[in-house]
2 protein chains.
Amino acid sequence: MTETRLDAVKLDGAGPVYDQIRRAIRDLVVSGEWQPGTSVPPEHALMEQLGASRMTVHRALVQLAREGLIIRRRRSGTVVATPPASHAMLDILSIPEEVRQLGQAYAYEVLARTDGRPSPEVAELFGLKRSDKVAHLLVVHRADGKPHVLEERVIHVAGVTGLSDEDFAGTPPGDWLLQHSLWSQAEHAISAIGAGEEQAALLDIAVGEPCLLVERRTWNQLQPVTAVRLLYPGFRHRFVGRFGPYGAA
Amino acid sequence: MTETRLDAVKLDGAGPVYDQIRRAIRDLVVSGEWQPGTSVPPEHALMEQLGASRMTVHRALVQLAREGLIIRRRRSGTVVATPPASHAMLDILSIPEEVRQLGQAYAYEVLARTDGRPSPEVAELFGLKRSDKVAHLLVVHRADGKPHVLEERVIHVAGVTGLSDEDFAGTPPGDWLLQHSLWSQAEHAISAIGAGEEQAALLDIAVGEPCLLVERRTWNQLQPVTAVRLLYPGFRHRFVGRFGPYGAA
DNA sequence: ACTTGCCAATTGCATATGCAATTGGATAGC
DNA sequence: GCTATCCAATTGCATATGCAATTGGCAAGT
């Protein structure tokens with residue numbers, strides 16, 4: 001248990017006091033000056049050192065604890081946490097947004113739509129009964145005219161209202177669903193796969209070309225809403241994220 | 001601007017009052033009962049309705065605002081936010097951990113190590129001067145004896161202490177670095193690529209086989225620490241994340 | 001030694017209070 | 001009508017205060 005020097009905590013006078021305290025301590029932690037395991041001075045000490053009230057110091061410490069930089073326990077005090085396993089964040093944008101952010105012209109085309117019952121595989125994967133009604137969609141999204149991503153989607157009809165009257169002429173299904181359905185939970189998986197024959201033709205790439213496959217399933221209160229497979233040609237796509245040891249940067 | 005019914009906020013008596021209030025309002029928002037754009041009752045109203053002090057109500061609302069569910073402005077009040085673009089979280093585990101979580105036996109092998117200057121590409125990619133010293137490493141990680149992932153790593157010698165004395169016999173470089181260096185910022189990218197000839201041989205797969213490529217670069221206070229390319233055979237790997245509309249689930 | 005019980009240090013939570021900052025909307029003046 | 005001004009509603013921040021809950025460590029007793 002290393003010592004912490006109390007006078008290392010220095011306020012900079014910018015913004016609310018509680019936030020100055022928070023930043024001051026955070027900087028000591030992320031700079032490594034206060035190593036994991038060292039104990040942070042108790043609230044009373046900081047309160048006297050900094051000339052702030054206990055509640056103000058408390059507020060700063062509570063926030064740092066919520067951010068995972070410190071761990072607080074009654075009686076035994078506050079110690080610097082060891083950085084947790086990191087989480088990388090990937091922004092999930094709608095595909096039109098994604099394309100426009102790249103500065104390219106967006107277009108899409110609904111290649112096929114069938115309304116019916118789920119195939120056994122789909123029902124299994126998605127937790128549906130064979131008797132539930134679903135819509136299948138096949139959409140290709142284009143950026144500057146070139147195929148950008150191939151979307152295969154299954155929508156659980158009972159989970160969305162107004163689906164049967166919608167032809168997706170004005171809005172691609174993903175965006176339409178965002179506006180017309182609620183979701184409370186999603187899961188996605190990223191993997192790599194070679195393009196199949198049909199897929200290669202639609203994406204205008206060679207068969208076997210490595211692609212990023214993003215599979216996403218969405219529920220609302222345990223009821224399935226939609227499942228989608230997005231196939232991105234690998235050589236022109238990368239998902240980028242930035243972060244720090246304690247969370248998003 | 002829709003109306004919000006004040007009496008919709010109901011406490012459940014479990015845990016701290018401020019947290020009951022927070023959860024009660026959060027539930028109204030995520031259930032869609034309070035649509036985006038509707039205004040949340042002012043602190044005074046909630047205070048009277050719930051029989052709590054203003055500071056307690058305040059605390060709940062401040063926290064909800066930090067979580068992005070509501071937006072607060074002086075005088076104009078508090079309104080329900082429209083859900084932001086989602087972030088998906090991918091847990092970044094150390095590779096030994098990753099393998100063990102799959103219930104498989106972990107092993108690794110350092111295939112090559114060279115200490116020297118960065119190649120022009122590496123220097124460019126990583127923001128190093130040609131004169132900086134770097135170590136190159138090539139490591140294969142195995143799960144139950146089979147190649148799991150191929151790691152190509154560059155380490156900026158000046159950014160880490162004790163590197164030259166370390167032979168990575170006991171700990172793979174990624175884990176060793178976590179223990180012996182600080183980092184404040186990281187960036188990673190995921191893409192799909194076909195295995196090259198050498199890579200295919202080391203991973204025991206066919207040339208051109210689709211693979212997930214994870215590239216990660218790490219800095220400490222703007223100084224480069226390490227850059228790594230992790231090549232996962234695509235057919236046996238997927239990165240999975242779970243989340244909700246307002247963040248991690 | 002080992003166990004039990006107690007004390008005090010430390011954090012957690014809630015309240016009451018006061019003032020500052022922002023700004024929508026009303027009002028007065030032109 | 002249009003603009004400048006003021007007012008009041010609302011949130012933001014800090015303090016002072018008191019009690020509750022947890023628990024490390026000491027002390028007493030066996």
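Within every chain, numbering begins at 1; the chains are lettered A, B, ... in the order of the sequence lines, protein sequences first and strands thereafter. No hydrogens, no waters, no symmetry mates; every other heavy atom, side chains included, goes into these values.
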remark   = In this structure, CD1 of A/I95 is separated from NE2 of A/H141 (nearest 0.5 Å) by 4.0 Å
ask   = When rounded to the nearest 0.5 angstrom, what distance separates OG1 in B/T226 from CZ in B/F126?
value =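 Reported value, rounded in 0.5 Å steps: 6.0 Å.
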request  = Tell me yes or no: between the side chains of B/H188 and B/E215, is some donor less than 3.5 Å from an acceptor?
outcome  =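 No, no side-chain donor-acceptor contact under 3.5 Å.
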Interface residues of residues 50-57 of chain A with DNA chain D (non-hydrogen, below 4.0 angstrom) = A/G51, A/A52, A/S53, A/R54, A/M55, A/T56
query = When you look at B/R216 and B/T218, which way does the side-chain contact (heavy atoms from CB on, under 4.5 Å) test go after all the steps?
reply = CA-CA 7 Å; B/R216 185 151 59 232; B/T218 308; 4.2 Å; yes
Start and end of the DNA chain C segment that chain A contacts, any atom under 4.0 Å from a heavy atom = C/dA9 to C/dA14
key: First of B/T78 and A/S76 reached from the 5' end of DNA chain D, by closest nucleotide   =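 Nearest-nucleotide comparison on DNA chain D picks B/T78.
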query = DNA chain C: A/L61 or B/Q20, which has the more 5' nearest nucleotide?
reply =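 First, find each residue's nearest nucleotide; the 5'-ward one identifies A/L61.
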Step-by-step side-chain contact (heavy atoms from CB on, under 4.5 Å) determination, B/V160 to B/I155 = CA-CA 8 Å; B/V160 188; B/I155 305 173; 3.9 Å; yes
query = Got a sec, which pairs hit side chain to side chain donor-acceptor pair (under 3.5 Å) with one end in residues 162-174 of chain B, sequence neighbours left out?
reply = B/E166-B/W176
ask   = How about B/F239 and B/Y232: are their ring centroids closer than 6.0 Å?
value = yes
query = Can you check side-chain contact (heavy atoms from CB on, under 4.5 Å) on B/T161 and B/H180, steps first, answer last?
reply = CA-CA 7 Å; B/T161 55; B/H180 291 79; 5.8 Å; no
